[in-house]
Amino acid sequence: MTGNRTLTMIKPEAVKKNFTGPILNKIAEAGFHIVAMKMTRLSKAQAEAFYAVHKGKDFYENLTDFMSSGPIVAAILEKENAIETYRKLIGSTDPKDAEEGTIRKLFAESKSYNAVHGSDSDENARIESDFFFSETERYS
Ligand code: GDP
């Protein structure tokens, strides 16, 4: 059985360009319920911890520099089959390959600056949600 929660981040370049509102609107239109949400800024060490799975890859240094370069918006989203449904809504990692109407197609600049994060499994959704939110910060 698949879970009904995923973790998203609106990444620094999208927050800076004032795309937070339009992206949250797409999320709402798609029928996701917001369980938790905060605007925050990751330290370099926190960005490294969040993306530890990519440690050693050629883009890791740039990715963690970028993700700690300015504020982000993190949120737990709820909907049936959340992981798959949300990944479909955001589109491919590289906006060049993303389908029309997806969040990355509409709001992302490039593969490095791709507007949003979405968890890729139920287990990672749990780990990533715990990274940002305590139990008392969640409202279901
Ligand atoms: P996602 O699940 O679609 O976000 O993709 P991944 O989990 O594979 O990668 C995490 C993030 O690292 C992506 O959202 C991109 O910002 C970045 N990234 C992944 N692969 C590449 C790459 O080949 N080049 C660059 N520049 N960035 C990448």
Side-chain angles (χ1 to χ4, degrees):
M1 209 182 96
T2 57
N4 61 356
R5 287 187 180 188
T6 189
L7 184 285
T8 190
M9 291 185 285
I10 303 175
K11 297 188 179 183
E13 106 276 10
V15 170
K16 199 170 168 183
K17 287 171 143 180
N18 255 341
F19 289 154
T20 300
I23 290 172
L24 290 176
N25 199 39
K26 292 289 289 180
I27 289 170
E29 276 173 3
F32 286 90
H33 170 68
I34 297 171
V35 172
M37 185 162 69
K38 68 172 68 161
M39 191 173 196
T40 186
R41 182 171 177 167
L42 296 174
S43 66
K44 173 79 170 166
Q46 285 172 317
E48 286 172 350
F50 188 92
Y51 283 110
V53 62
H54 292 302
K55 197 174 169 140
K57 293 189 185 154
D58 58 355
F59 59 85
Y60 181 70
E61 204 51 42
N62 283 342
L63 174 64
T64 53
D65 279 346
F66 164 57
M67 288 303 296
S68 57
S69 69
I72 58 142
V73 173
I76 300 173
L77 306 178
E78 190 169 73
K79 186 180 162 74
E80 201 176 308
N81 199 14
I83 301 290
E84 196 186 328
T85 310
Y86 190 63
R87 288 195 65 95
K88 216 167 167 180
L89 178 67
I90 68 177
S92 301
T93 306
D94 188 336
K96 283 204 297 289
D97 305 326
E99 277 186 46
E100 290 301 327
T102 59
I103 289 175
R104 283 173 168 164
K105 189 69 171 186
L106 290 166
F107 302 110
E109 265 176 46
S110 64
K111 195 171 189 179
S112 300
Y113 303 150
N114 63 359
V116 285
H117 168 81
S119 308
D120 64 4
S121 67
D122 289 335
E123 191 193 355
N124 283 336
R126 272 191 293 277
I127 293 168
E128 293 169 3
S129 296
D130 291 347
F131 184 92
F132 283 106
F133 299 102
S134 67
E135 279 309 314
T136 56
E137 292 174 306
R138 301 173 196 211
Y139 305 89
S140 47

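Atoms within each ligand, like the ligands themselves, are counted from 1 in listed order.
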Quiz item: Listed by chain and number, what are the side-chain contact (heavy atoms from CB on, under 4.5 Å) partners of Lys79, not counting sequence neighbours?
Solution: Phe32, Thr85
Quiz item: So Phe50 and Phe131, would you call those rings parallel, tilted or perpendicular, with 30° and 60° as cut-offs?
Solution: perpendicular
Quiz item: Taking Arg41 for the side chain and Ile72 for the main chain, is one N or O donor matched with an acceptor at less than 3.5 Å?
Solution: no
Exercise. Would you confirm whether Lys26, through its side chain, and Gly101, through its main-chain N or O, come within 3.5 Å as a donor-acceptor pair?
Key: yes
Quiz prompt | First-shell residues of ligand 1 [heavy atom, distance under 4.0 Å] | solution = Lys11, Tyr51, His54, Phe59, Leu63, Arg87, Thr93, Arg104, Lys111, Ser112, Asn114
Quiz prompt | Ser134 and Thr136 side chains, donor-acceptor separation under 3.5 Å | solution = yes
Quiz prompt | Mutual orientation of the aromatic rings belonging to Tyr113 and Phe66 [parallel < 30°, tilted 30-60°, perpendicular > 60°] | solution = tilted
